[in-house]
Amino acid sequence: MSDAPNILVIYTGGTIGMVEDPESKTLFPFDFEHLSGQIPELNKLDVNITTVTTHQPVDSSNMSPSLWRELVAIVSANYAMYDGFVILHGSDTMAYTASALSFLLENLAKPVILTGSQLPIGVIRTDGKENFITSVEIASAKNEFGDPMVPEVCVYFEYKLYRGNRTYKQSAEHFEAFASPNYPTLAEAGVHIRYFPNAIMGLSTEPLVTHQVLDERIGILFLFPGIGIDLVQSVLDNPNLKATILYTFGAGNAPSAPWFLRQVQQAVANDKILVNVTQCMSGTVNQSLYATGRELEKLGVISGADMTMEAALTKLMYLLGHGFEREEVKHYFGQSLRGELTEL
Ligand code: ASP
C-alpha cells in the first residue's frame with residue numbers, strides 16, 4: 001500500500017450496488033471485488049480502497065439491529081488500519097443505521113460515511129457514482145493538522161454531507177433524498193468540497209468504545225385525530241414493550257381527552273418509559289408551550305426535543321440496552337450524546 005489514505009468500503013446492499021442485465025433489464029448485485037470495473041474513476045483518486053461485504057447484503061428495508069452489530073464489529077476490527085469508512089447502504093433505512101451507529105461508536109475519531117443512491121450504479125443516469133466517489137474523498141480528507149475533517153457518522157447524498165443522526169429520508173423520487181432540518185450541513189460538494197468546521201463534531205481524544213447491546217422492546221404510537229382507545233391501549237399496555245415513543249403533533253401535543261391521559265398515566269405508573277417525539281420534520285418538542293403538551297410533562301412523559309424519530313428510536317434502544325431505568329433514560333435523553341439534539 002502507498003502512503004495514500006486507506007479507506008474501507010463496506011457494502012451492505014441496496015440499489016447502489018446493483019447493475020442492470022442488458023437483456024432482461026432486471027437488477028442484480030455486482031461483484032464488489034470488481035468495484036473499479038464499475039467505477040473506473042476510482043483509479044484516479046489517490047486512495048487505497050479495500051472492500052468488504054456484510055455476510056448477507058440486504059435491501060435496507062430488511063436492516064436490523066443484528067446487522068448494525070455486524071457493522072460495528074467490522075469498523076471496530078479495522079479501526080486502526082483505516083483512515084475512514086464508507087458504508088454503502090440502501091437509502092430507505094439509512095437514517096436509522098446512521099443514527100444507531102452514532103450511538104454504538106462512542107468516541108469515534110474517524111469518518112464513517114453512509115451513502116447510497118436512488119438509481120443503481122450500472123444505470124446511465126445513476127446518482128451512485130458521484131455519491132460514492134465524493135464519500136470516499138470525504139472519508140479521506142484531513143485538515144491542516146493531519147486530523148480527519150469529519151470524525152463522525154455522516155450521510156452523504158446529492159452534494160451534501162449531513163450529521164447522520166439528524167437525517168431522515170425525505171424523497172422516494174428526487175436525488176436529494178435526505179434532509180436534516182434541525183442541523184446544518186457539514187459539507188457541500190461543488191467544484192470544491194466545502195467543509196463547515198463550526199458544524200462538525202470536535203475530534204475525540206478518548207479511545208473508541210463500541211457498544212453491541214440494543215434493547216428492541218420499543219413501540220411507536222402514531223397519534224392522529226380520531227385515534228381510539230383500543231389502539232392506544234394495545235400499545236401502551238403491551239407487556240413486551242419497555243418504552244414507547246408518542247409520535248405527537250406540533251410542539252409535542254397530544255389529545256387531552258381524559259381517557260387518553262388516563263392511559264398515559266397508567267403506562268407511566270406501570271414503569272413504561274414514554275418519550276415525546278413530534279411528527280413535524282423541523283422544530284422541537286416543547287412540553288410547556290400548550291396545555292395539551294403540559295399534561296404529558298406532568299404525567300412524566302420525557303421530551304424528545306428536536307430529535308428525529310430515527311435518532312430517538314435508536315437512542316432508546318441504546319439507553320435501554322445499558323439497562324437504564326426511567327430516571328437515567330430521562331437524564332440522557334435530554335443530553336446530546338452524539339450531537340443528535342440541540343441542548344437548550
Ligand atoms: N429499497 C432500497 C433500499 O433501501 C432503496 C435504495 O437502495 O435506495 O435498500
Side-chain angles (χ1 to χ4, degrees), residues 8-21 24-32 34-35 38-39 42 51-72 74-75 85-102 104 112-136 138-139 153-181 185 189 214 216 220 281 308-311 313-314 317:
L8 183 65
V9 174
I10 308 169
Y11 177 57
T12 69
T15 303
I16 191 164
M18 306 258 168
V19 284
E20 200 177 50
D21 180 271
S24 65
K25 302 285 178 215
T26 50
L27 296 175
F28 63 92
F30 71 85
D31 179 3
F32 263 73
H34 301 112
L35 186 63
Q38 291 300 329
I39 316 178
L42 285 174
T51 58
V52 54
T53 301
T54 47
H55 82 281
Q56 194 187 13
V58 291
D59 181 294
S60 79
S61 305
N62 290 315
M63 199 31 76
S64 65
S66 69
L67 283 163
W68 295 338
R69 284 189 274 273
E70 188 181 347
L71 288 173
V72 169
I74 294 174
V75 171
F85 301 83
V86 172
I87 300 181
L88 301 179
H89 193 292
S91 58
D92 290 352
T93 61
M94 190 182 289
Y96 289 89
T97 298
S99 299
L101 292 181
S102 75
L104 296 174
V112 174
I113 315 293
L114 285 95
T115 195
S117 64
Q118 295 282 56
L119 283 175
I121 216 121
V123 166
I124 197 131
R125 287 179 52 249
T126 187
D127 51 331
K129 283 192 185 183
E130 195 285 324
N131 285 348
F132 187 13
I133 292 165
T134 307
S135 293
V136 170
I138 291 172
V153 179
C154 306
V155 165
Y156 179 78
F157 235 85
E158 190 64 1
Y159 305 112
K160 291 200 177 124
L161 184 74
Y162 307 100
R163 175 165 296 161
N165 58 27
R166 292 294 196 142
T167 59
Y168 74 99
K169 185 173 179 184
Q170 66 166 351
S171 175
E173 168 67 19
H174 295 121
F175 287 149
E176 194 164 355
F178 288 86
S180 163
T185 47
L214 291 162
E216 294 149 46
I220 297 176
M281 290 310 178
T308 60
M309 163 59 77
E310 292 85 341
L313 181 80
T314 52
M317 287 182 176

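Just so you know, ligand 1 is whichever comes first in the structure, and atom 1 is the first atom listed for that ligand. Nothing here was measured: the structure is a model prediction, and the numbers come from that model.
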Any sub-3.5 Å donor-acceptor pair from Thr93's side-chain atoms to Ser61's backbone N or O? no
Under 3.5 Å between any N/O of Lys169 and any N/O of ligand 1: does that happen in this structure? no
Less than 4.0 angstrom from a charged side-chain N to a carboxylate O is my criterion; do Lys160 and Glu176 meet it? yes
Ala177, portion touching ligand 1 at heavy-atom distance under 4.0 Å: neither
Are any of the N/O atoms in Gln118 less than 3.5 Å from those in ligand 1? no
Please state which protein non-hydrogen atom is closest to atom 8 (O) of ligand 1 and give its distance, to 0.1 Å? Ser91 OG, 2.4 Å
Is there a side chain to side chain contact (heavy atoms under 4.5 Å, CB included) between Asn165 and Thr308 once you walk through the steps? CA-CA 8 Å; Asn165 58 27; Thr308 60; 6.0 Å; no
Please check this pair: side chain of Asp127 against backbone of Gln118, looking for a donor-acceptor N/O pair closer than 3.5 Å. yes
Below 4.0 angstrom from a heavy atom of Gly14, which ligand 1 atoms are there? Numbered from 1 as shown, please. 7 (O), 9 (O)
Under 3.5 Å, is there a donor-acceptor pair between the side chain of Thr51 and the main chain of Val9? no
Atom 9 (O) of ligand 1 has as its nearest protein heavy atom Ser60 N, 2.7 Å
Within the side chain of Glu70, is there an N or O that forms a donor-acceptor pair under 3.5 Å with the backbone of Thr54? no
Can you name the nearest heavy-atom pair linking Phe157 to Phe175, along with the distance? CD2-O, 3.3 Å
Would you say ligand 1 has an N or O under 3.5 Å from any N or O of Ser61? no
In ligand 1, which numbered atoms sit nearer than 4.0 Å to a non-hydrogen atom of Thr15? 2 (C), 5 (C), 6 (C), 7 (O), 8 (O)
Report yes if some N/O of His89 lies less than 3.5 Å from some N/O of ligand 1; otherwise report no. no
